[in-house]
Trainee: 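Here you go, one structure.
Just so you know, ligand 1 is whichever comes first in the structure, and atom 1 is the first atom listed for that ligand. When reading the values below, keep in mind they use all heavy atoms of this one structure, side chains included, and skip hydrogens, waters and symmetry mates.
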Amino acid sequence: MTLLSNRLQAVCQMVDENTRVADIGSDHAYLPVELIEQKTAQYALAGEVAVGPMSRSKEDVEKFGLSDQIDVRLGDGLAVIQKSDKIDTVVIAGMGGILITDILMRATDEQLSHVKTLILQPNIGEPLVRHWLVDNNFQIVDEDIIEEDHHVYEIIKATKVDKATPLVQAQYLMGPILMFKKSPTFVAKWEHKLNGYQKAVINMKQAKKIDQEKIDLMNQYIKYIEEIL
Ligand code: SAM
C-alpha cells in the first residue's frame, strides 16, 4: 500500500526509471521510500532542513531496511548533494514557487553537475518556476495537474538543454504542456480563474481610483484564458 497522496503519486510518476534522485524538502521521506520500493530509482537522497522530520525519516528508512539505497541528510536546499552521489534527478515538491526558485538559485555547479532532470511541484507561483527553468536552460518536457482536497496542484518536469526555447506569456502562466493536454482539471481551474478575473475587472472599473495598469493586466489574462479554453 502506498503512503503517497494523489499529489505525491503524480510527482512520483514523473520520475524516470533507474535514476538517482534527491528529494529536497522531503519531510517524511515518503517519496524516496516509494521510489526505491517501486524500483523506479536506484538510489534516493532525502534532504530536509528541519531536524524533527529528518530524524523521523532516518528512523523510518532504517526500520524499513532501506538504508542501503536511501540517505537522509539534514541541510538547506541542494547543499545535501555531494558530487559523488551522482544525483541526476532533483525533486522539490510542496513549497511555494518563490522558495523553490530560491533553493535552485542557490545551487552550485558542483551540486548540479550530474543533474539532468528537475521535477518541481509548486503549491503556488507556477509562472515564476517556469521562468526560472527557461532562463536556466531547462526545457519543460512534461506537466501534470491534479486536484486534491479542493486544491489544484501542478507538477512540472524539465530537462537540461544547451539553450531552452523561450515560452510565450500564456505558456508561462498556464503551462505549455498543460495547455496542450487540456485535461478536465486544467479546464476547471482556468474557468474558475476566468470568472474571478472578470469579476475583478468589473469591480476595479467601479472603484473610486481606477488602476488602469491592473485592469489591462487582468484583461490580458482573460484574453489568454479565453483563447486557450
Ligand atoms: N516534499 C514533501 C511533500 O511534497 O509532501 C514535503 C513538503 S513540506 C510542505 C515542505 C518541507 O520542506 C518541510 O519539511 C520543510 O522543512 C522543508 N524545507 C523548507 N525549506 C527547505 C530548504 N531550504 N531546504 C530543505 N528543506 C526545506
Side-chain angles (χ1 to χ4, degrees), residues 1-16 19-38 40-41 43-61 64 66 69-83 85 87-113 115 117-126 128-130 132-133 136 138 142-158 175 178 185:
M1 201 193 73
T2 179
L3 292 167
L4 301 187
S5 60
N6 290 343
R7 174 183 61 82
L8 275 181
Q9 274 184 47
V11 172
C12 191
Q13 276 159 16
M14 289 267 183
V15 179
D16 293 319
T19 38
R20 298 179 66 83
V21 181
D23 180 29
I24 304 299
S26 192
D27 194 358
H28 32 59
Y30 289 167
L31 185 72
V33 168
E34 185 75 13
L35 288 170
I36 292 298
E37 293 215 310
Q38 276 186 7
T40 303
Y43 168 81
L45 168 59
E48 176 51 57
V49 81
V51 178
M54 193 279 299
S55 317
R56 277 193 298 277
S57 299
K58 222 176 188 146
E59 282 169 21
D60 286 345
V61 165
F64 293 135
L66 296 172
Q69 283 166 289
I70 303 179
D71 278 319
V72 181
R73 294 187 194 147
L74 184 68
D76 178 12
L78 273 68
V80 289
I81 300 178
Q82 290 155 15
K83 201 173 176 184
D85 297 325
I87 295 296
D88 51 44
T89 304
V90 170
V91 175
I92 313 180
M95 302 178 206
I98 294 179
L99 182 51
I100 290 179
T101 50
D102 176 61
I103 287 174
L104 289 169
M105 268 182 316
R106 290 186 288 111
T108 63
D109 287 347
E110 185 165 316
Q111 287 153 7
L112 287 170
S113 56
V115 175
T117 305
L118 296 177
I119 299 169
L120 309 175
Q121 183 268 299
N123 290 340
I124 187 173
E126 296 85 355
L128 182 70
V129 171
R130 292 191 182 98
W132 187 92
L133 288 169
N136 290 277
F138 279 91
D142 200 3
E143 291 180 311
D144 199 0
I145 182 165
I146 65 126
E147 208 224 306
E148 187 170 66
D149 299 334
H150 309 293
H151 196 99
V152 175
Y153 299 102
E154 297 185 8
I155 301 129
I156 306 167
K157 177 176 182 177
L178 294 177
T185 308

Trainee: Provide the closest heavy-atom pair for Val129 versus Ile156 in the form atom of the first, atom of the second, distance.
Mentor: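 Heavy atoms of Val129 and Ile156 come nearest at CG1-CD1, 4.1 Å.
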Trainee: Could you go through ligand 1 and list every pair where one of its N or O atoms sits under 3.5 Å from a protein N or O, giving the atom names and the distance to one decimal?
Mentor:
| from | atom 1 | to | atom 2 | distance (Å) |
| --- | --- | --- | --- | --- |
| ligand 1 | 1 (N) | Gly25 | O | 2.7 |
| ligand 1 | 1 (N) | Ala93 | O | 3.0 |
| ligand 1 | 4 (O) | Arg7 | NH1 | 2.8 |
| ligand 1 | 4 (O) | Arg7 | NH2 | 3.4 |
| ligand 1 | 4 (O) | Ala93 | O | 3.3 |
| ligand 1 | 5 (O) | Arg7 | NH2 | 2.8 |
| ligand 1 | 14 (O) | Glu48 | OE1 | 2.8 |
| ligand 1 | 14 (O) | Glu48 | OE2 | 3.2 |
| ligand 1 | 16 (O) | Glu48 | OE2 | 2.5 |
| ligand 1 | 23 (N) | Asp76 | OD1 | 2.7 |
| ligand 1 | 24 (N) | Gly77 | N | 2.8 |
| ligand 1 | 26 (N) | Val49 | N | 3.4 |

Trainee: So, applying side-chain contact (heavy atoms from CB on, under 4.5 Å) with Val90, which one of Leu120, Ile81, Thr117 is it?
Mentor: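 For Val90, the side-chain contact (heavy atoms from CB on, under 4.5 Å) test succeeds with only one of Leu120, Ile81, Thr117, which is Ile81.
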Trainee: Taking only residues two or more places apart in sequence or in another chain, which ones pass ring pair (Phe, Tyr, Trp, His ring centres under 6.0 Å) with Tyr153?
Mentor: His151
Trainee: Measure the CZ-CD distance between Arg73 and Glu48 for me, rounded to the nearest 0.5 Å.
Mentor: 14.5 Å
Trainee: Got a sec, which residues hit ring pair (Phe, Tyr, Trp, His ring centres under 6.0 Å) with Tyr43, two or more places apart in sequence or on another chain?
Mentor: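 Counting only residues at least two positions away or on another chain, Tyr43 forms no ring pair (Phe, Tyr, Trp, His ring centres under 6.0 Å).
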Trainee: What residues, two or more places apart in sequence or in another chain, satisfy side-chain hydrogen bond (donor to acceptor under 3.5 Å, both in side chains) together with Glu126?
Mentor: none
